[in-house]
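As the structure is a computational prediction, the values presented were derived from the model and not from experiment.
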Amino acid sequence: METINPKNANIGDEVFVIYHNPHTPTVANIKPAEIVQHPKNPNALALFLNETFHTIEDDDALFQTEQAAQTAYNQMYEEDSELY
């Protein structure tokens, strides 16, 4: 998978993420997000997604293109569907 290392992200970069709905964990969508200055920590970056700031975690998968995110999504959920 083509992911972006969060340590190489810059303010203003547009990235794509596979976002799991916190209210319905079985629902996931590909969403665009922007890399921004963390609002409470000037030495950190955050994702601005769905009008909300999200701390970037080491295990977050950030994709440079929507197609790369779609490919990862398809691989992830095709493998899961084979289990059932």
Side-chain angles (χ1 to χ4, degrees):
M1 281 184 273
E2 294 176 38
T3 59
I4 298 169
N5 183 335
K7 292 177 172 98
N8 296 333
N10 296 302
I11 293 173
D13 288 351
E14 181 180 49
V15 296
F16 294 86
V17 297
I18 299 172
Y19 178 77
H20 290 267
N21 184 323
H23 304 291
T24 312
T26 58
V27 175
N29 297 297
I30 296 169
K31 298 281 190 174
E34 184 177 352
I35 304 293
V36 297
Q37 182 78 43
H38 193 288
K40 295 182 180 178
N41 180 352
N43 297 319
L45 299 176
L47 285 175
F48 190 65
L49 171 71
N50 293 335
E51 303 296 320
T52 305
F53 294 98
H54 298 269
T55 301
I56 299 173
E57 303 292 338
D58 288 338
D59 62 349
D60 285 344
L62 309 177
F63 300 92
Q64 192 167 22
T65 65
E66 187 173 10
Q67 182 58 45
Q70 186 67 53
T71 299
Y73 179 94
N74 291 343
Q75 289 174 347
M76 191 179 345
Y77 288 100
E78 284 175 12
E79 289 174 8
D80 284 350
S81 68
E82 292 172 3
L83 297 174
Y84 301 105

Neighbour count above 12 (heavy atom, 6.0 Å) for Glu66 CD
no
State which residues pass side-chain contact (heavy atoms from CB on, under 4.5 Å) with Asn10; sequence neighbours excluded, sorted by chain then number.
Asp13
Acceptor/donor pairs from residues 29-37 side chains to any protein atom, 3.5 angstrom cut, sequence neighbours excluded:
residue: Gln37; atom: NE2; partner: Pro42; partner atom: O; Å: 2.4
residue: Gln37; atom: NE2; partner: Ala44; partner atom: O; Å: 3.4

For Gln70, enumerate each residue passing the side chain to side chain donor-acceptor pair (under 3.5 Å) test, keeping only those at least two apart in sequence or located in another chain.
Asn74
Once side-chain contact (heavy atoms from CB on, under 4.5 Å) is applied, do any residues pair with Glu51, and if so which ones, sequence neighbours excluded?
Phe48
Would one find more than 12 heavy atoms of other residues, nucleotides or ligands at under 6.0 Å from atom CG of Asn5?
yes
Let me have the donor-acceptor pairs involving side chains of residues 15-26, under 3.5 Å, with sequence neighbours excluded, atom names and distances please.
residue: His20; atom: NE2; partner: Tyr77; partner atom: OH; Å: 3.4
residue: Asn21; atom: OD1; partner: His23; partner atom: N; Å: 2.7
residue: Asn21; atom: OD1; partner: Thr24; partner atom: N; Å: 3.2

Do you reckon Tyr73 sits in the same ILVMFWY cluster as Val27, going by side-chain contacts under 4.5 Å, direct or chained?
no
Could you list the residues that satisfy side chain to side chain donor-acceptor pair (under 3.5 Å) with Gln67, not counting sequence neighbours?
Thr71
Distance (rounded to the nearest 0.5 Å) between Phe63 CZ and Thr3 OG1:
6.5 Å
Using a 4.5 Å cut-off on heavy atoms from C-beta on, say whether the side chain of Ile11 contacts that of Leu45.
yes
Sorted by chain and number, sequence neighbours left out, side-chain contact (heavy atoms from CB on, under 4.5 Å) with Lys40 holds for His38
Would you say Leu47 and Thr52 make side-chain contact, with heavy atoms under 4.5 Å?
no
Taking C-beta and beyond as the side chain, do Asp58 and Pro6 meet within less than 4.5 Å on heavy atoms?
no
